[in-house]
Amino acid sequence: MLYQPDTYKIEQDLSRFGRTGNDTFIPGATEEGLRQYRRLLRNNINNTMVQAFPISRQVLPDEEWNELIDLFFANHDAKTTQIWKLPAEFVTFVKEKDYATLWNKPWLNDLLYFEWIEIEVYTMPDIEAEPFTLQGDIRNGTIVVNPEYRLIPLRYPVHLYAVEEAKNHPGDYFMMVYRHPETREVLFADLSALDTFTFENIAHEQLSLSDIAAGLKLQFALSDQHPLLTNLIAFVQEMMAQKLFLGYAVERKEQF
């Protein structure tokens, strides 16, 4: 059913007032009723963000936090109809408005993203892993990766330090966020550059550790790949224990 023009205008005016608080006339509504309506809307948005970003809420002064909420509420046209997904859009909004630079908080974008990614991984759709076995050749076998993960780069190590200390350690950091296949708990792992390189070659190229070590030996003109292979094996063993790697690929039998 199509709205009458007057009805549509009232809805638009009500929405605009709810988001901005600017005075407007809504037939049949009292000023106090409109103010209460706006408070409820704003509180819903604020509560959602507080639940999603507890660390950010704690480290940001009240004035700055409230400014972010008010500007997001007033100026951002939400893409999602599900309020629990709004924090993802909040992360993008804050980054695009460059509050990290304006407020001299270079860690802000990374902190918000770090907090959101836990929600994203926890709520991601189930992904079935490739068939695997726990018995295999760690050097030459094809390793099966837990598919329910996000590997994210960070400029500031907000996952390792308090934010004011993280500001003093800019660099290239890699954080693995993944869901335990049995408990469904969201887990975190700080990966070195070598760990990240190894993971991506296992996950995307299905290379064995021997192949990865041989490639690195050639690329960097190493005299001996044995110590390197030992480090790669230790990484995979640890991540198998932590369920980022699940086991070894099961060979598929040819169908005749």
Side-chain angles (χ1 to χ4, degrees), residues 95 106-107 109-111 113-118 120-122 124 127-161 165-183 185-254:
K95 183 176 182 179
W107 41 263
N109 294 332
D110 281 348
L111 180 59
Y113 188 38
F114 166 65
E115 294 197 86
W116 162 251
I117 205 72
E118 180 176 6
E120 181 177 304
V121 171
Y122 183 76
M124 70 189 302
I127 304 173
E128 186 174 356
E130 293 294 320
F132 65 90
T133 175
L134 297 179
Q135 303 300 318
D137 182 347
I138 196 168
R139 289 176 172 81
N140 301 300
T142 300
I143 296 166
V144 174
V145 174
N146 177 347
E148 298 176 344
Y149 75 89
R150 293 288 185 270
L151 177 60
I152 66 172
L154 297 170
R155 179 62 177 162
Y156 294 91
V158 293
H159 59 310
L160 301 177
Y161 303 102
E165 182 61 24
K167 183 171 64 175
N168 300 324
H169 301 275
D172 295 319
Y173 298 90
F174 303 93
M175 185 178 66
M176 176 63 69
V177 188
Y178 63 103
R179 196 163 60 186
H180 193 285
E182 295 151 15
T183 67
E185 178 185 3
V186 176
L187 302 173
F188 301 85
D190 179 46
L191 302 189
S192 68
L194 178 59
D195 294 339
T196 303
F197 179 83
T198 303
F199 176 84
E200 291 187 326
N201 274 277
I202 291 172
H204 303 303
E205 304 300 330
Q206 287 78 54
L207 293 183
S208 70
L209 293 186
S210 292
D211 289 337
I212 295 170
L216 288 169
K217 178 186 176 184
L218 184 63
Q219 181 178 353
F220 294 102
L222 301 175
S223 59
D224 183 6
Q225 75 179 41
H226 176 71
L228 176 61
L229 183 56
T230 299
N231 288 335
L232 300 188
I233 289 172
F235 166 65
V236 169
Q237 288 175 330
E238 174 63 21
M239 290 298 100
M240 278 196 176
Q242 299 299 325
K243 298 296 184 179
L244 176 59
F245 297 128
L246 301 178
Y248 304 93
V250 176
E251 292 187 11
R252 298 179 184 275
K253 295 182 179 179
E254 296 291 339

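The model shown is predicted, which means the values in this text are computed figures rather than measured ones.
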*Please check if the distance between the ring centroids of Tyr149 and Phe199 is under 6.0 Å.*
yes
_Can you list everything that forms a salt bridge (charged side-chain N to carboxylate O under 4.0 Å, His left out) with Arg155? Sequence neighbours excluded, please._
none
*First locate atom CD1 of Ile202, then atom CD1 of Ile143, and finally report the distance between them rounded to the nearest 0.5 Å.*
4.0 Å
*How far does CG of Asp211 sit from CD of Gln206, to the nearest 0.5 angstrom?*
11.5 Å
*What is the distance from atom CG of Leu246 to atom CG of Asn146, rounded to the nearest 0.5 Å?*
5.0 Å
_Rounded to the nearest 0.5 Å, what separates atom CZ in Phe235 from atom CZ in Phe245?_
4.5 Å
_Contact between Leu151 and Tyr178 at the side-chain level, heavy atoms closer than 4.5 Å - yes or no?_
no
*Could you go through the side chain to side chain contact (heavy atoms under 4.5 Å, CB included) check for Phe197 and Leu216 one step at a time?*
CA-CA 10 Å; Phe197 179 83; Leu216 288 169; 3.6 Å; yes
_Qualifying side chain to side chain donor-acceptor pair (under 3.5 Å) pairs, either residue in residues 239-248, two or more places apart_ = Glu238-Gln242
*Can you name the salt bridge (charged side-chain N to carboxylate O under 4.0 Å, His left out) partners of Glu115, sequence neighbours left out?*
none
_Checking side-chain polar atoms at under 3.5 Å, does Ser208 have a donor or acceptor matched by the opposite partner on Asn140?_
no
_Which residues pass the ring-ring contact (aromatic ring centres under 6.0 Å, His included) test with His169, not counting sequence neighbours?_
Tyr161
*For side chain to side chain contact (heavy atoms under 4.5 Å, CB included), just list the numbers for Met176 and Leu244, CA-CA rounded to whole Å, side-chain angles, deciding distance to a tenth of an Å, and then say yes or no.*
CA-CA 9 Å; Met176 176 63 69; Leu244 176 59; 3.9 Å; yes
_Straight-line distance of Thr198 OG1 to Leu209 CG, nearest 0.5 Å_ = 7.0 Å
Side-chain atoms of residues 185-196: list all donor-acceptor pairs with protein atoms under 3.5 Å, sequence neighbours left out, distances to 0.1 Å.
| from | atom 1 | to | atom 2 | distance (Å) |
| --- | --- | --- | --- | --- |
| Asp190 | OD1 | His159 | NE2 | 3.0 |
| Ser192 | OG | Leu194 | N | 3.4 |
| Ser192 | OG | Asp195 | N | 3.0 |
| Ser192 | OG | Asp195 | OD1 | 3.4 |
| Ser192 | OG | Asp195 | OD2 | 3.1 |
| Asp195 | OD2 | Ser192 | N | 3.2 |
| Thr196 | OG1 | Ser192 | O | 2.9 |

*Does CD belonging to Gln135 count more than 12 external heavy atoms closer than 6.0 Å?*
no
*So do the side chains of Arg139 and Leu229 get within less than 4.5 Å of each other, counting heavy atoms only?*
yes
*asked:* I'd like to check the salt bridge (charged side-chain N to carboxylate O under 4.0 Å, His left out) partners of Lys167; sequence neighbours left out, ordered by chain and number.
replied: Glu164
*Given side chains that start at C-beta, do those of Val121 and Glu148 come closer than 4.5 Å, heavy atoms only?*
no
*When rounded to the nearest 0.5 angstrom, what is the spacing between CD1 in Ile117 and CG in Leu154?*
9.5 Å
*Do Phe114 and Tyr156 come within less than 4.5 Å of each other through their side chains, counting heavy atoms only?*
no
*Step by step, work out the side chain to side chain contact (heavy atoms under 4.5 Å, CB included) result for Phe132 and Leu134.*
CA-CA 7 Å; Phe132 65 90; Leu134 297 179; 4.1 Å; yes
*Validation row: Glu205, Glu200 side chains within 4.5 angstrom (heavy atoms)*: no
